[in-house]
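Single-structure report; data block below.
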Amino acid sequence: MISRRHVVGGMIGSIIVLAPGLVSAHSLEDVQQDLFDTEKYFEIKREPAPDFALQDADGKSVRLQDLRGKVVVLHFIYAGCPDVCPLHADRIGEIQSMANETPMKDRVQFVTVTTDPERDVPEVLKGYGPVHGLNPTTNWVFLTSGPDKPEDTTRNLAEKFGHSFTVTEEGYQVHSVVTHVIDQDGQWVANFHGLGFEPTNMVVFINGLTNANVPHHESLWSRIRSWL
Amino acid sequence: MDVDLNDGKRRPLLPSVFKKSEQVDAAVRRKRKTAVALAGLVLVMVGLSFAAVPLYRLFCQVTGYGGTTQVAEAAPNQSERRVTVRFDANVTGMPWEFEAPKPVELALGETGLVAYRGRNPTNRPILGTATYNVVPLQAGAYFNKIECFCFTEQLLMPGEEKEFPVTFFVDPAIEDNPDLDGVTTITLSYTFFDKGPEALERYMESNGIAATTGKGDLDG
């Protein structure tokens with residue numbers, strides 16, 4: 001027989017089980033509701049982003065965990081892609097330009113990852129960004145797997161972000177168009193699907209994240225103690 | 001058929017049947033109680049899952065955890081410490097004239113009301129949306145806006161001028177943060193972006209604004 005004590009225990013247990021959900025809901029706030037209402041290509045995600053250790057055109061190592069403290073806007077393309085990828089890169093370049101007009105500039109990192117490391121050699125990576133309005137001197141980087149890693153490293157990473165690949169007659173690995181947003185704590189918090197979303201909506205979402213997750217030195221416990 | 005109640009073998013049958021029946025009833029009642037309790041528990045858990053986000057938001061509002069730039073309903077008690085709040089106005093990729101109000105000095109906890117001014121000097125409607133930032137960054141956790149226009153789509157018709165009010169206060173809890181001991185000035189910065197013609201068309205349609213003042217002027 002279930003006593004009152006059991007019911008109360010069950011409630012406490014369910015609160016504990018729900019706690020991770022409570023924490024992850026914190027950073028999204030009101031801006032999410034606005035995007036739910038107005039942006040049909042916006043999808044909320046709540047899970048740790050798949051980690052990666054890749055390198056840029058100069059061979060410098062870049063890991064996702066090195067980007068903690070910044071909002072990360074991540075997408076996958078390959079330079080040989082004739083149609084959608086250039087438009088996707090143009091769109092990210094447009095968003096980078098808008099964000100960099102504000103104090104968000106220092107709080108967001110744009111990351112492009114090639115899914116064709118064999119063809120996208122460092123010279124290709126270096127030449128790609130400026131053509132599409134992506135500024136490599138500020139907060140954008142084009143990453144590849146590097147010579148020491150298997151050739152399919154970045155495609156495996158893309159699959160962890162939900163992409164699937166089909167091979168064209170020319171031997172290119174084609175994948176879907178999605179822009180991923182990762183918060184300052186490494187949580188994968190949103191996808192913007194396709195190219196139909198309004199660029200300002202992504203800028204607003206980045207702004208919501210940069211304002212919500214302000215760095216602070218106090219621990220949660222010290223906050224609670226001071227409040228009590 | 002008659003039942004001989006005087007029969008020694010049969011007589012005890014009736015109390016025995018009654019007893020068994022009572023036992024069955026008691027068992028059924030227990031099962032019902034268990035079912036009701038379990039159903040109640042499920043309802044409570046479902047309710048809690050729906051309440052999770054508002055509960056956590058409440059938690060953040062109460063504790064300020066995570067440095068949430070807060071939207072408050074009322075200002076707390078005032079403090080003797082005063083700060084100057086400066087305002088910054090920017091536009092990106094749009095022709096609006098967007099002016100910031102003059103700086104204000106106020107006590108911690110004191111409510112301030114200012115108004116930005118926006119004007120559309122063109123002959124076409126423009127839909128804008130604003131982002132905001134607080135400098136220094138950490139002060140954002142203590143800068144509470146009771147009313148603001150951030151994140152909301154704003155339409156200015158040709159030649160229209162509009163005020164964008166901001167009601168705010170600086171939480172006296174800022175005094176408890178040693179990192180912000182020397183902060184005497186906080187800057188609130190807004191940047192307006194053009195939402196573009198497609199968003200404008202959608203906005204005007206959904207708000208029942210006449211196309212003659214919208215589409216027809218888009219080339220102007």
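Numbered from 1 within each chain, the chains take letters A, B, ... in sequence-line order.
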Sorted by chain and residue number, the side-chain contact (heavy atoms from CB on, under 4.5 Å) partners of B:Asp181 (sequence neighbours excluded) come out as B:Pro178
Residues of residues 197-204 of chain A with a heavy atom under 4.5 Å from any heavy atom of chain B, in residue-number order, are A:Glu198, A:Thr200, A:Asn201, A:Val203, A:Val204
Turns out that what part of B:Asp88 lies under 4.5 Å from chain A's heavy atoms comes down to neither
By side-chain contact (heavy atoms from CB on, under 4.5 Å), A:Pro48 pairs with (sequence neighbours left out) A:Gln187
Turns out that what part of B:Thr131 lies under 4.5 Å from chain A's heavy atoms comes down to both
Note to self: Are more than 12 heavy atoms, taken from residues, nucleotides or ligands other than B:Glu99, located less than 6.0 Å from that residue's CD atom?
What the structure shows: no
**OP:** May I ask you to check whether over 12 heavy atoms, not counting those of B:Arg86, lie within 6.0 Å of atom CZ?
**Re:** no
Cut-off 4.5 Å, heavy atoms of chain A, and the answer for B:Asn90 is neither
Contact list (residues 77-106 of chain A to chain B, heavy-atom gap under 4.5 Å, by number) returns A:Met98, A:Glu101, A:Thr102, A:Pro103, A:Met104
Taking CD in B:Glu198 as the centre, count heavy atoms belonging to other residues, nucleotides or ligands within less than 6.0 Å. Is the count above 12? no
